[in-house]
Amino acid sequence: MERLIKERLPRHVAIIMDGNGRWAEKRSLGRIEGHRQGVKAIRDTVKAARRLGIKVLTLYAFSQENWSRPPKEVRALMRLLKEYLEGELKEMLDNNIRLVAIGNLEDLPPDVRRTLRETIRKTRSKNGMVLNLAISYSGRAEILRAVKKICQDHSKGKLRTQGITSEVFSRYLFTNELPEPDLLIRTSGESRISNFMLWQIAYTEIYVTDTFWPDFRRKDFIKALLDYQKRERRFGLTRRQLTG
Ligand code: FPP
C-alpha cells in the first residue's frame with residue numbers, strides 16, 4: 001500500500017472477473033457456489049478501490065454471450081446481481097459511490113432491471129467513485145449500436161461525415177461520459193479480451209493474474225496497481241517525446 005504513488009493511480013480500472021467456475025470445480029462445488037464467492041470478491045474490490053481513490057471501477061458482470069449458459073446458472077447469476085444491488089445500496093450511499101451500468105439492459109428480467117434502475121437513481125448524486133457494471137454487455141454490439149445511432153443522426157442532418165471523429169464516436173457508446181480504462185485486470189490466467197470494451201481499451205494497460213476471481217482480494221488489487229505504476233504509457237509516442 002505504502003509503495004503506491006497516489007498521483008499515478010489509474011483513474012479508471014476495468015476488471016474481467018474470470019474463474020468462478022474453475023474455483024468451484026477445484027473444490028468439488030457447483031459453479032453457482034463459485035459465483036456466490038465471486039460476489040464477496042466484488043464487495044472487497046469495490047471497497048478497496050473506493051479507499052484507494054480510484055475514480056471509476058468497471059466490472060464485467062455478465063456478457064451477452066453468457067445468456068447461452070445453462071438456464072439454472074443464468075437464473076442464479078441474475079438472482080445474485082439483484083441481491084448484490086439490494087444488499088449494497090446502503091454501502092454505496094454511505095461511501096459516496098454512484099452506480100451506473102452498460103450493456104443491453106432491456107434483456108434483463110423485469111425485477112432485476114427495476115432494482116438496477118432504482119439503484120442507479122438513488123446513487124445518482126454520489127461523486128466519490130463510479131461503479132460501472134457491464135451487464136448483458138458485448139463490445140461488438142456496443143460498437144454496432146453506436147454506428148446505427150450515428151447513421152440515424154447523419155440522415156437527420158444532425159451530424160456531418162467530417163464530424164465523425166474518435167471523440168464523437170466515443171460519445172455514442174454506452175460509456176459516453178466515462179474516461180477510457182487506464183488498467184484492465186483479468187483474473188484466472190486467461191489472456192483474452194472476450195468482447196470487452198473493444199473501442200475503449202485501445203491504450204489500456206493489461207494485467208493478467210492467475211488468481212481465480214473468488215480469491216481476488218485487496219492485496220491482489222494492490223499488486224496489479226503496483227505493476228501498472230511501473231509501466232511507461234507512451235500512447236504511440238517515443239520515450240524522448242514523452243520526457244521532453
Ligand atoms: C466468470 O466466471 C464470471 C462471471 C460469469 C461473471 C461474474 C459474476 C459474479 C461474480 C456474480 C454476479 C455479479 C454481480 C455483479 C453481483 P466463469 O463462470 O466464466 O468461470 P470459469 O471460466 O472458471 O468457468
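All figures in this text were calculated on a predicted structure; none of them were measured in a lab. Just so you know, ligand 1 is whichever comes first in the structure, and atom 1 is the first atom listed for that ligand.
Applying the ring-ring contact (aromatic ring centres under 6.0 Å, His included) test between F62 and each of F196, W67, Y84 identifies W67 as the sole match.
For E190 and R22, the salt-bridge test passes: some basic side-chain N is under 4.0 Å from an acidic carboxylate O. A salt bridge does not link E106 with R113: none of the charged nitrogens is closer than 4.0 Å to a carboxylate oxygen. At a threshold of 4.0 Å, the pair R114-E118 does not count as salt-bridged, since none of the basic side-chain nitrogens sits closer than that to a carboxylate oxygen.
Considering backbone and side-chain atoms alike, R22 places an N or O below 3.5 Å from some N or O of ligand 1. Here's the thing with E73: none of its N/O atoms is less than 3.5 angstrom from an N/O atom of ligand 1.
Ring geometry for Y203 against F235 counts as tilted: the plane angle lies between 30° and 60°, on a 0 to 90° scale.
Heavy atoms of R31 come nearer than 4.0 angstrom to ligand 1 in at least one pair. The shell of residues lying under 4.0 angstrom from ligand 1, judged by heavy atoms, excludes S188.
In this comparison of M17, Q37, R69, the heavy atom closest to atom 5 (C) of ligand 1 sits on R69. Closest heavy-atom approach to atom 20 (O) of ligand 1 within the set G21, P214, S63: this belongs to G21.
The shortest contact between atom 14 (C) of ligand 1 and any protein heavy atom is with I42 CD1, 3.6 Å. The protein non-hydrogen atom at the shortest distance from atom 6 (C) of ligand 1 is A61 O, 3.0 Å. Here the protein heavy atom with the shortest distance to atom 9 (C) of ligand 1 is N20 ND2, 3.8 Å. For atom 16 (C) of ligand 1, the closest non-hydrogen atom of the protein is Y84 CB, 3.5 Å.
Side-chain contact annotation: S136 with N104, donor-acceptor N/O pair under 3.5 Å absent.
Note: the hydrophobic cluster containing M197 also contains I193 (ILVMFWY, side chain heavy atoms under 4.5 Å, direct or indirect links).
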